[in-house]
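Data first, discussion second: the structure below is written as structure tokens.
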Amino acid sequence: MEPPPPLHPQSGAPKPEPGNQGASAQPGYPGGAQQPGYPGGGTPQQGYPGAAPQQGYPGTAPQQGHPSAAPQQGYPAQPGYAGGPGPQQGYPGGPMQQPGQPPQGGYAPNNQPAAAPVYQHDDFRVGHAIAYGWDRFRLNPIPWLGIGLIGLIAWLVVVLLVNTLEVRSLAAVLMLFAVAALLVWLLQAAMIRGALYETDGTPPDFPGFFGFVNAGNVLITALLVFVACLIASLLCVFPLVIVGVLCMFALHFVIDQDMDPVNAIKSSAQLVVRNALQVVLLALAVMLITFVGALLCGIGLLVAGPVSAIAITYAYRTLTGRLVVTV
């Protein structure tokens, strides 16, 4: 077979000059000298790999304002940014607050909360106890007068029954006496409960006087104290007074600390013995106030009773080291 004829260049195409084959081809074609910026030859253009890096690209000198660059002239590094976390200037140790807002964790000066009750822990003084009883009574007189009226009405009912009924049997006498004693003990416990509220800084309303839940222990304690006073009265008047003073705070321990009757009487006696002079002076002052209140046909007892109850409760709280709210 004959070889195919050689291909001739198309019409109009330039023929290569003899002896100049292998020279540089047209710029940008393979095999020839490459224009700048192409791989393999020439001066690389800016922005291509291998070229001199432009400003702002990796490996170049950092422009102003980029990371790792030096701070711009006239703009020093601000506190709290580069270099680690830290409080902003003017707010040491805490978050930045908006101008005009109150400090966190409190109230604005014009929106302060209501003042909490102020408690005191002073040495006991008889004059201070009586003054405290009067101040607390005059600030909350209506409930105290109501509880006093109940006591006065109960006393009048007992007197009326004794004078109108012909009580001849011993059983009837004992029954009448038991009812009267029950009313007196419950009234005394109610006044102690109200006085404890007063020393706590919570003036009681009328139902609050009967807010004790251990009425059984109250009655048993009162019965034991009555029996002790009855036995002491058989000996002489003076032992009766001693027993009465020793048991002055027995119901306070039952109502306030929920003690059983025996421990309450024991705690009261120990408290009186440790503070004998102050307690005796207080007992004399209470007797004087009660006597003056009874001079006006018993009407003054409506004031003398509450003042004395609050004063004795103040003494109990102070002598036992407990806090008492100020007036």
Are [X] and [Y] packed together at the side-chain level, in the sense that at least one heavy-atom pair is separated by less than 4.5 angstrom?
X: Phe249; Y: Val279; answer: yes
X: Leu246; Y: Val273; answer: yes
X: Trp185; Y: Thr221; answer: no
X: Leu149; Y: Leu302; answer: yes
X: Phe209; Y: Tyr197; answer: no
X: Pro203; Y: Glu198; answer: yes
X: Arg317; Y: Leu196; answer: yes
X: Ile192; Y: Ile312; answer: no

- request: Show the numbers, then the answer: is there a side-chain contact (heavy atoms from CB on, under 4.5 Å) between Ile147 and Leu187?
  value: CA-CA 8 Å; Ile147 199 71; Leu187 179 64; 3.7 Å; yes
- prompt: Considering residues at least two apart in sequence or located in another chain, which fulfil the salt bridge (charged side-chain N to carboxylate O under 4.0 Å, His left out) criterion with Asp258?
  reply: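 Salt bridge (charged side-chain N to carboxylate O under 4.0 Å, His left out) check on Asp258 returns nothing, list empty.
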Backbone N or O of [Y] within a donor-acceptor pair of the [X] side chain at under 3.5 Å?
X: Asn140; Y: Pro204; answer: yes
X: Asn214; Y: Asn217; answer: no
X: Asn275; Y: Leu271; answer: yes
X: Ser267; Y: Ala264; answer: no
X: Asp260; Y: Val262; answer: yes

field: Residues forming a side chain to side chain contact (heavy atoms under 4.5 Å, CB included) with Gln257, sequence neighbours excluded
entry: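 Gln257 satisfies side chain to side chain contact (heavy atoms under 4.5 Å, CB included) with Phe253, Met259, Tyr316, Arg322 once adjacent residues are dropped.
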If I take atom [atom1] from residue [X] and atom [atom2] from residue [Y], how far apart are they, to the nearest 0.5 angstrom?
X: Ile255; Y: Gln188; atom1: CD1; atom2: CD; answer: 8.0 Å
X: Thr313; Y: Asp256; atom1: OG1; atom2: CG; answer: 9.0 Å
X: Leu288; Y: Ile130; atom1: CG; atom2: CD1; answer: 9.0 Å
X: Leu234; Y: Cys229; atom1: CG; atom2: SG; answer: 11.5 Å
X: Phe226; Y: Cys247; atom1: CZ; atom2: SG; answer: 13.0 Å
X: Leu145; Y: Ile150; atom1: CG; atom2: CD1; answer: 11.5 Å

Cluster link [X] to [Y], ILVMFWY, side chain under 4.5 Å:
X: Leu319; Y: Ile265; value: no
X: Val225; Y: Val218; value: no
X: Val272; Y: Val241; value: yes
X: Phe137; Y: Ile142; value: no
X: Val286; Y: Val280; value: no

Minimum-distance pair of heavy atoms, taken over all atoms of [X] and [Y]:
X: Ala283; Y: Met248; value: CB-CE, 3.8 Å
X: Ala304; Y: Thr290; value: CB-CA, 4.4 Å
X: Ala309; Y: Ala195; value: O-CB, 3.8 Å
X: Met191; Y: Trp144; value: O-CH2, 3.4 Å

message: Taking CZ in Phe291 as the centre, count heavy atoms belonging to other residues, nucleotides or ligands within less than 6.0 Å. Is the count above 12?
response: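 At most 12 heavy atoms, drawn from other residues, nucleotides or ligands, come within 6.0 Å of this atom.
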query: Passes side-chain contact (heavy atoms from CB on, under 4.5 Å), Tyr132 versus Val324? Steps please.
result: CA-CA 10 Å; Tyr132 184 87; Val324 177; 3.3 Å; yes
message: Any donor-acceptor pair under 3.5 Å linking the side-chain atoms of His252 with those of Ser268?
response: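 No, because no side-chain N or O of Ser268 sits under 3.5 Å from a partner of the opposite role on His252.
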message: Before you tell me yes or no, could you show the steps for Leu223 and Leu219 under side-chain contact (heavy atoms from CB on, under 4.5 Å), namely the whole-Å CA-CA distance, both residues' side-chain angles and the distance that decides it to 0.1 Å?
response: CA-CA 6 Å; Leu223 178 61; Leu219 294 178; over 6 Å; no
query: Relative to each other, are the rings of Phe210 and Phe206 parallel, tilted or perpendicular (30° and 60° limits)?
result: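 The arrangement is perpendicular - the two ring planes meet at more than 60°.
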- request: Let me see the working for Thr318 and Gln278 under side-chain contact (heavy atoms from CB on, under 4.5 Å), right down to the final yes or no.
  value: CA-CA 11 Å; Thr318 306; Gln278 294 95 325; over 6 Å; no
